[in-house]
Amino acid sequence: MNQAQAEDFVKQIFRDIWEGHDLNKFDQYYHPEIETNLAGKTIGFSEIRLHAEIMKQTWVNTKVVFKDIISNGDNKIAVRFMMSGTKEDQPIAFEMMGIYELKDNKFYRIFGLSNPPMIYSEERKEI
């Protein structure tokens with residue numbers, strides 16, 4: 001995937017899933033064997049999807065602003081972005097950097113860091 005394709009791909013995923021909360025497209029972007037190490041915990045497809053569902057129910061005015069998207073020209077993309085919105089009537093914002101490995105043109109492995117650090121809630125399965 002070249003640089004322009006990587007930028008379009010990543011922006012479309014975030015526009016559809018995380019800003020638009022269109023979970024009908026989730027399977028289109030996330031590999032069924034996905035794993036991510038986020039907030040110090042390894043989670044898979046169903047937990048990431050559940051997080052997206054919870055976010056759909058609790059976030060409004062979600063906005064993603066990309067700072068950097070860098071492709072290695074093959075199957076890895078590094079992304080740095082700011083995400084903001086309102087959750088339970090409180091403004092929320094964080095900066096995140098992720099390294100995304102692709103398989104079958106879907107996110108397959110993700111390593112992410114955020115500022116402020118995300119905390120994974122076992123009870124609600126949310127970040």
Within this structure, what is the [atom1]-[atom2] distance for the pair [X] and [Y], rounded to the nearest 0.5 Å?
X: Glu88; Y: Thr58; atom1: CD; atom2: OG1; result: 6.0 Å
X: His21; Y: Glu19; atom1: NE2; atom2: CD; result: 8.5 Å
X: Asn75; Y: Arg109; atom1: CG; atom2: CZ; result: 11.5 Å
X: Glu47; Y: Thr36; atom1: CD; atom2: OG1; result: 10.5 Å
X: Glu101; Y: His31; atom1: CD; atom2: NE2; result: 10.5 Å

Asp68 and Val79: CA distance, side-chain angles, deciding distance, side chain to side chain contact (heavy atoms under 4.5 Å, CB included) verdict: CA-CA 6 Å; Asp68 297 295; Val79 181; over 6 Å; no

[X]-[Y] co-clustered via ILVMFWY side chain contacts under 4.5 Å:
X: Ile92; Y: Met97; value: no
X: Leu23; Y: Met55; value: yes
X: Val64; Y: Ile70; value: no
X: Leu102; Y: Phe81; value: yes
X: Trp18; Y: Val60; value: no

Would you say [X]'s side chain and [Y]'s backbone share a donor-acceptor pair under 3.5 angstrom?
X: Gln12; Y: Phe9; result: no
X: Ser71; Y: Met1; result: yes
X: Ser84; Y: Ala93; result: no
X: Asn2; Y: Ala4; result: yes

If you define the side chain from C-beta out and look only at heavy atoms, does anything of [X] sit under 4.5 Å from [Y]?
X: Gln28; Y: Lys106; answer: no
X: Ile43; Y: Ile48; answer: yes
X: Ile110; Y: Ile99; answer: no
X: Met83; Y: Met96; answer: no
X: Glu53; Y: Leu50; answer: yes
X: Ile17; Y: Lys25; answer: yes

Neighbour count above 12 (heavy atom, 6.0 Å) for Asn105 CG: no

More than 12 heavy atoms from other groups under 6.0 Å of NZ on Lys63: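 Counting neighbours around NZ of Lys63, 12 or fewer heavy atoms of other residues, nucleotides or ligands fall under 6.0 Å, so no.
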
Considering all heavy atoms of both residues, which atom of [X] and which atom of [Y] are nearest to each other, and what is their separation?
X: Asn72; Y: Asp74; answer: OD1-N, 2.8 Å
X: Ser114; Y: Phe94; answer: CB-CD1, 4.3 Å
X: Ala52; Y: Phe26; answer: CB-CE1, 4.2 Å

Pair Tyr100 and Phe111, ring centroids less than 6.0 Å apart: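 Ring centres of Phe111 and Tyr100 not closer than 6.0 Å.
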
Tyr108/Tyr30 under ring-ring contact (aromatic ring centres under 6.0 Å, His included): CA gap, chis, key distance, verdict: CA-CA 7 Å; Tyr108 176 64; Tyr30 290 85; over 10 Å; no

Electrostatic pair Glu95-Lys67, nearest N-O below 4.0 angstrom: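 Not counted as a salt bridge, because no side-chain N and carboxylate O are separated by less than 4.0 Å.
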
side-chain hydrogen bond (donor to acceptor under 3.5 Å, both in side chains) partners of Tyr29, counting only residues at least two apart: Asp16

side-chain hydrogen bond (donor to acceptor under 3.5 Å, both in side chains) involving Glu7 - partner list, sequence neighbours excluded: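 Glu7: side-chain hydrogen bond (donor to acceptor under 3.5 Å, both in side chains) contacts with Gln3.
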
